[in-house]
There are 2 protein chains.
Amino acid sequence: MGRKIEIKKIEDIIKRQVTFSKRRSSLLKKAKEIAISCDVDVLLVAFSPANRLSKFCSQNRIEDILQRYIELPIERKLTYVN
Amino acid sequence: MGRKIEIKKIEDIIKRQVTFSKRRSSLLKKAKEIAISCDVDVLLVAFSPANRLSKFCSQNRIEDILQRYIELPIERKLTYVN
DNA sequence: AGGTCTATATATAAGGG
DNA sequence: TCCCTTATATATAGACC
């Protein structure tokens, strides 16, 4: 997107914040779109290094989604995708 | 993207699943990119209507991020963006 | 469910206000 | 920080395998 960049930590704090602001809104939009189009509940949380809750999104209340997650059997929780 | 569409629930289940699969991988990629570029921890959870945990992503363990969320004071949790 | 292709829509880096 | 512009990179709908 735009000029080609390598995905790595942006060291300049100003540029990093600008990029975060832009990408956050796009990510949020995409999360909303998939939630609506595909009829799924989506939760999105971002924590800054200072442990500040930057943003989240869900169709319903975040606590309901968290509760559903917490109640899942462990073997279904552990499908990591990192 | 591709042919223009309106964002609403895709009624055809086959098309809905195909779209979910495509958009899920893109969303996951974007979440990973913002996590790296902007040095934030990101959590992404999607629940299907059948309450199945479809996917999630985080830099660290999801439980650590959830725990941080749970420990936040309530007034900081309630910055809804829906 | 996964993979490929193509045309088109969207996202976004860089820069300026 | 937010709002624009422009050039370019990426995402994706539809079709097919």
Side-chain angles (χ1 to χ4, degrees), chain A residues 1-59 68-69 72-73 75-82, chain B residues 1-59 72-73 75-82:
Chain A
M1 345 54 164
R3 315 302 153 78
K4 188 156 197 173
I5 55 153
E6 184 192 356
I7 299 299
K8 61 176 182 182
K9 179 178 173 181
I10 298 167
E11 295 300 337
D12 182 273
I13 189 168
I14 303 301
K15 287 181 63 178
R16 192 165 70 237
Q17 286 172 339
V18 169
T19 296
F20 181 67
S21 175
K22 288 179 175 181
R23 282 178 173 267
R24 180 182 54 187
S25 61
S26 301
L27 193 60
L28 190 66
K29 183 181 174 191
K30 291 290 184 189
K32 289 179 183 177
E33 287 181 353
I34 197 173
I36 294 170
S37 300
C38 304
D39 196 30
V40 293
D41 287 337
V42 175
L43 164 64
L44 187 59
V45 182
F47 277 98
S48 74
N51 216 30
R52 194 169 64 81
L53 178 66
S54 298
K55 191 74 79 173
F56 73 81
C57 157
S58 81
Q59 280 192 293
R68 272 199 281 164
Y69 177 79
L72 275 186
E75 63 272 16
R76 288 179 58 197
K77 289 181 182 177
L78 294 176
T79 50
Y80 287 92
V81 193
N82 286 321
Chain B
M1 347 55 166
R3 315 302 151 79
K4 189 156 195 172
I5 54 152
E6 185 191 354
I7 299 299
K8 60 177 182 182
K9 180 179 172 181
I10 298 167
E11 296 299 336
D12 182 274
I13 189 170
I14 302 300
K15 287 181 62 179
R16 192 163 71 236
Q17 286 173 339
V18 169
T19 296
F20 181 68
S21 175
K22 288 181 175 180
R23 282 178 173 267
R24 179 182 55 187
S25 61
S26 299
L27 192 61
L28 190 67
K29 183 181 174 189
K30 291 290 184 188
K32 289 178 182 178
E33 287 181 352
I34 198 174
I36 294 170
S37 299
C38 304
D39 196 30
V40 293
D41 286 338
V42 175
L43 164 64
L44 186 58
V45 183
F47 277 97
S48 73
N51 217 28
R52 193 168 65 81
L53 179 67
S54 297
K55 192 73 78 174
F56 72 83
C57 157
S58 81
Q59 281 194 291
L72 274 186
E75 62 274 15
R76 288 180 57 197
K77 289 181 182 177
L78 294 177
T79 50
Y80 286 91
V81 193
N82 285 321

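Note that the structure is predicted; figures quoted are calculated from it, not measured. Below, chain A is the first sequence line, B the second, and so on; all start at residue 1.
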Tell whether B/Lys22 reaches the base of D/dG14 with its side chain through a donor-acceptor pair below 3.5 angstrom. yes
Rounded to whole Å, how long is the line connecting atom CZ of A/Arg16 with atom P of C/dT12? 18 Å
B/Leu27 has an atom CG; how far is it from atom P of D/dT12, in whole Å? 8 Å
Taken to the nearest whole Å, CD1/B/Ile34 to P/C/dA11 is 13 Å
What is the distance, rounded to the nearest whole Å, between atom CZ of A/Phe20 and atom P of D/dC2? 11 Å
Would you compute the distance between atom CZ of A/Arg23 and atom NZ of A/Lys30 and round it to the nearest 0.5 angstrom? 12.5 Å
Can you tell me the distance, in whole Å, between the CD atom of B/Gln17 and the C1' atom of D/dG14? 17 Å
Grab the two heavy atoms, one from A/Val40 and one from A/Ile34, that are nearest each other, plus how far apart they are. CG2-O, 3.7 Å
Tell me which of B/Glu33 and A/Ile14 sits closer to the 5' end of DNA chain D, going by the nucleotide each one is nearest to. A/Ile14
What is the distance, rounded to the nearest whole Å, between atom CZ of A/Arg3 and atom C1' of D/dT8? 7 Å
What's the shortest heavy-atom distance between A/Leu44 and A/Ala31, and which atoms? CD2-CB, 4.1 Å
Could you tell me whether the phosphate oxygens of D/dT12, OP1 or OP2, come under 4.0 Å of any side-chain nitrogen or oxygen in A/Lys30? yes
Atom CD1 of B/Ile5 to atom P of D/dG14: distance rounded to whole Å? 7 Å
Can you tell me how far CG of B/Leu28 sits from CD of B/Glu33, rounded to the nearest 0.5 angstrom? 10.5 Å
Between D/dT12, D/dG14, D/dC2, which nucleotide gets closest to the side-chain atoms of A/Ser21? D/dC2
Phosphate-side-chain proximity, A/Lys4 and C/dA13, N/O vs OP1/OP2 below 4.0 Å: no
What's the NZ-C1' distance between A/Lys32 and C/dT10, to the nearest Å? 16 Å
Which nucleotide, D/dA13, D/dT10, D/dT1, lies nearest any side-chain atom of B/Lys29? D/dT10
Nucleotide nearest B/Thr19 when distance is taken to its side chain, options C/dA14, D/dA13, C/dT12: D/dA13
Name all residues meeting the salt bridge (charged side-chain N to carboxylate O under 4.0 Å, His left out) criterion together with A/Lys9; count only those two or more places apart in sequence or in a different chain, and write none if there are none. B/Asp39
What's the closest nucleotide to the A/Arg23 side chain, out of D/dA11, D/dC2, C/dT12? C/dT12
